[in-house]
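I have placed the structure first, in the form of structure tokens, so that the comments after it can refer back to it.
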Number of protein chains: 2
Amino acid sequence: MPGRKAAERPGNTGRPVTINDVAQLAGVSVGTVSKALNGRGSLRAETRHRVLSAAEQLGFQPNRAAVALNSGRTYTVGMITTDTIGRFSIPLMMGAEDALGAGEMSVFLCDARDDPIREQYYLRTLLSRRVDGIIVTGRRTQARPPIGTGLPIPVVYAFISSTDPRDCSVVPDEAGGAHKAVDHLLAVGRRRIAHITGPEHHHSATVRATAATDRLAEAGLRLAGAPLFGEWSEAWGRQAAQLLLGANAEVDAVFCGSDQIARGVADALRAAGRRVPDDVALVGFDNWDVMALGCQPPLTSVDMELEKLGRTAADLLLAAINGEASPGRHTHPCRLVIRDSTAASSTPAPALDSAPGGS
Amino acid sequence: MPGRKAAERPGNTGRPVTINDVAQLAGVSVGTVSKALNGRGSLRAETRHRVLSAAEQLGFQPNRAAVALNSGRTYTVGMITTDTIGRFSIPLMMGAEDALGAGEMSVFLCDARDDPIREQYYLRTLLSRRVDGIIVTGRRTQARPPIGTGLPIPVVYAFISSTDPRDCSVVPDEAGGAHKAVDHLLAVGRRRIAHITGPEHHHSATVRATAATDRLAEAGLRLAGAPLFGEWSEAWGRQAAQLLLGANAEVDAVFCGSDQIARGVADALRAAGRRVPDDVALVGFDNWDVMALGCQPPLTSVDMELEKLGRTAADLLLAAINGEASPGRHTHPCRLVIRDSTAASSTPAPALDSAPGGS
DNA sequence: ATGAAAGCGCTAACAC
DNA sequence: GTGTTAGCGCTTTCAT
């Protein structure tokens, strides 16, 4: 009964189908089967066809462990993430997994949960499994010590980077993203721009704050007050916005270090009777859909394009596996996504913006 | 130089260290090395020690492909998710990965992206890699057709379930969760409870709505109006809240099908001058931290405990791999997380709740 | 054009 | 207590 699944066929032993079974059914030797299946050597068309249909009929799937054993390649890579919660690593992983899948690579998922012990455990596991390469991802863009030295396989750091400049890292151009945000605010006519962001000890916060300050300086302007460092939370956004309202009513734009902060700012501004974007334009960072779109009004935001970044990391890893390593720090541009929170104030349409919930 | 990493040692060939290298360095045969490393057979303590330190010195890691080849077991499982964006599958995966890691299992990550073709591709890949089992996860709790029939390895469905009742599925007890939400609202003295939720064709929406209605009926009450089916979005929450305000000012609680919806409802109520929880108590679903905590006030919500659910699924899979299958549909209880949005209205503290952003 | 056989790294059965 | 060897499933010479 050729149409049936292998495991349903009467007489099926439960044992996986091997190349031997195929050889027997096709009436040839295993060597011939191997050639037929891999399109190597020279075979009569008829023989090749006979083998292929036998394999088909048995539902034969080559045992990759055996292939790995004599090729030395497993067509497998490890992905180690230090990020438990996954907000940043998920798109990275998905992008990488997609790019690797196209190269017939399977991905081992390793969640190190910010624990160096777990990390080393996973590293050993992956080496034992003879993965062809490793991608290391994490929640922060700050450089971190290499996961290992003198490893026999290539490693690519994605989002995070390695402190060793010879290592291959792919990182978002956060400074460039901040530049785009500031440029956009200037372009829509804003001049008194404040900056609210995360903790000062957080790499992304300082990079983005510095970049924003520098860009304004290039335009002959200064930030409206020092950057407000706090937490990556809506609550901090609300709190900081109130500080701003208390101290300086002249601000006509706020560039925020994250969408969560921006959303808190939007809520606080609205509660205080300030209109966004008419009175104050708002730009976030991350382009986190649920925040940027849930915000009233929808938020202009800097997108780090993490999925693309993951894809790039995977491509660099594949190249390195094939002997074409690209050592060093590779930056990946950010993209500014413009939404209503920075709509040009030259054409205000107050009545339309104010009741988004109406049915 | 014993302290050095294997790959840095002078004379290192780049070739992975095998059991042969260890045998040679220890001056014994490969069989002896195998016994020493796996604690089998009987060896002199001195010999065992000599082997272990040789292995240590060379940084030996057994080639898992070889182990797999003659044990037939790969200590590997596949995790197929149909969920691209990952909101639900991430905690599931993390829980499962954690539980499997404890069993020395590595996890292949497969993102099928809602594409049946990709799903079957991954299934073939996993079978070819001879995984010991498969976990299938997805974004919706609705039953889906089995991923394959007569498969040679156990499959466990997590969050989603299989339409075949003989398959092993682990699903959240959404109805139970809805019961807890309603019970809690009744316990804090609410009697006119409305329900706003996602699309009517969405399994979770109807299950939760039905369960809420039933529970109220058991208490001799009725839902305040028919369930409002719409979208899983904040915008719909806002819109539905306005419908509610227009039609029926007497509602003293809203049970929402998701935290996103609840958050939209909270915003709309506040904008309309209604106080939460004083005038209207609010319960969400999902306990999605960023929504539940970002909401003003923080949201009481039903937590499906997806990480635990993933862990349970992994444990069931491990058991099935060891020959102790647990066919059928296993439900996993939900947990109600109580926050300010349902604080008992008998002790109102209006002044404190209204300015959470104050510094 | 096809078959036979060695070998990838490891484990286990058996010999000594 | 330790060494030798067959064999897991597959690929790849090398004969024929």
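Order of the sequence lines fixes the chain letters, A, B, ..., with proteins taken first and strands second; residue numbering starts at 1 for each chain.
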Expected output: side-chain [X] to main-chain [Y] donor-acceptor under 3.5 Å:
{"X": "Arg50(B)", "Y": "Ala26(B)", "answer": "yes"}
{"X": "Thr82(A)", "Y": "Ala112(A)", "answer": "no"}
{"X": "Thr137(B)", "Y": "Ser89(B)", "answer": "no"}
{"X": "Asp132(A)", "Y": "Val77(A)", "answer": "no"}
{"X": "Ser128(A)", "Y": "Pro62(B)", "answer": "yes"}

field: Check ion pair Asp164(A)-Arg166(A) (N to O, under 4.0 angstrom)
entry: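 Looking at Arg166(A) together with Asp164(A), the answer is yes, because their closest N to O distance falls below 4.0 Å.
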- request: Tell me, please, the opening and closing nucleotides of DNA chain C, 5' to 3', among those with an atom under 4.0 angstrom from a non-hydrogen atom of chain B.
  value: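 Contacts span dG9(C) to dA13(C), reading 5' to 3'.
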- prompt: Just one of Ser326(A), Pro154(A), Ser169(A) clears the side-chain contact (heavy atoms from CB on, under 4.5 Å) bar with Leu316(A), so which one?
  reply: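 Exactly one option meets the side-chain contact (heavy atoms from CB on, under 4.5 Å) with Leu316(A), and it is Ser326(A).
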query: Taking the nucleotide of DNA chain D with the closest heavy atom to each, which residue, Leu43(B) or Leu69(B), is nearer the 5' end?
result: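 First, find each residue's nearest nucleotide; the 5'-ward one identifies Leu43(B).
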Using atom [atom1] of [X] as one end and atom [atom2] of [N] as the other, report the distance to the nearest whole Å.
{"X": "Ile19(A)", "N": "dG7(D)", "atom1": "CD1", "atom2": "P", "answer": "18 Å"}
{"X": "Arg40(B)", "N": "dG1(D)", "atom1": "CZ", "atom2": "P", "answer": "17 Å"}
{"X": "Arg130(B)", "N": "dG9(D)", "atom1": "CZ", "atom2": "P", "answer": "9 Å"}
{"X": "Asn70(A)", "N": "dT11(D)", "atom1": "CG", "atom2": "C1'", "answer": "5 Å"}
{"X": "Gln24(B)", "N": "dT2(D)", "atom1": "CD", "atom2": "P", "answer": "18 Å"}
{"X": "Arg15(A)", "N": "dG9(D)", "atom1": "CZ", "atom2": "C1'", "answer": "11 Å"}

query: Donor-acceptor pair under 3.5 Å: do we get one between Asn63(A)'s side chain and the base of dC10(D)?
result: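 Result: no qualifying N/O pair found.
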- request: Begin from the C-alpha positions of Asp98(A) and Arg118(B) and carry the test salt bridge (Lys or Arg N to Asp or Glu O under 4.0 Å) through to its verdict.
  value: CA-CA 11 Å; Asp98(A) 195 43; Arg118(B) 284 178 75 108; 3.1 Å; yes
task: Show your reasoning for whether side-chain hydrogen bond (donor to acceptor under 3.5 Å, both in side chains) applies to His330(B) and Thr312(B).
output: CA-CA 10 Å; His330(B) 305 250; Thr312(B) 301; over 6 Å; no
query: Can Arg73(B) be said to sit on top of Tyr75(B)'s aromatic six-ring, NZ or CZ under 6.0 Å from centre and within 45° of the ring axis?
result: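 Yes.
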- prompt: For dG1(D), does either OP1 or OP2 sit under 4.0 Å from a side-chain N or O belonging to Ser42(B)?
  reply: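 Yes, within the criterion.
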query: Any side-chain donor paired with an acceptor under 3.5 Å for Ser106(A) and Arg129(B)?
result: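 Arg129(B) and Ser106(A) do have a side-chain donor-acceptor pair below 3.5 Å.
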- request: Give me the residues of residues 44-52 of chain A where at least one heavy atom lies under 4.0 Å from an atom of DNA chain D, by number, or none.
  value: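 Per residue number, the list is empty: none.
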- prompt: Got a sec? Which of residues 31-38 of chain A come in under 4.0 Å of DNA chain C, heavy atoms?
  reply: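 Going residue by residue through residues 31-38 of chain A, the ones with a heavy atom under 4.0 Å of DNA chain C turn out to be Thr32(A), Lys35(A).
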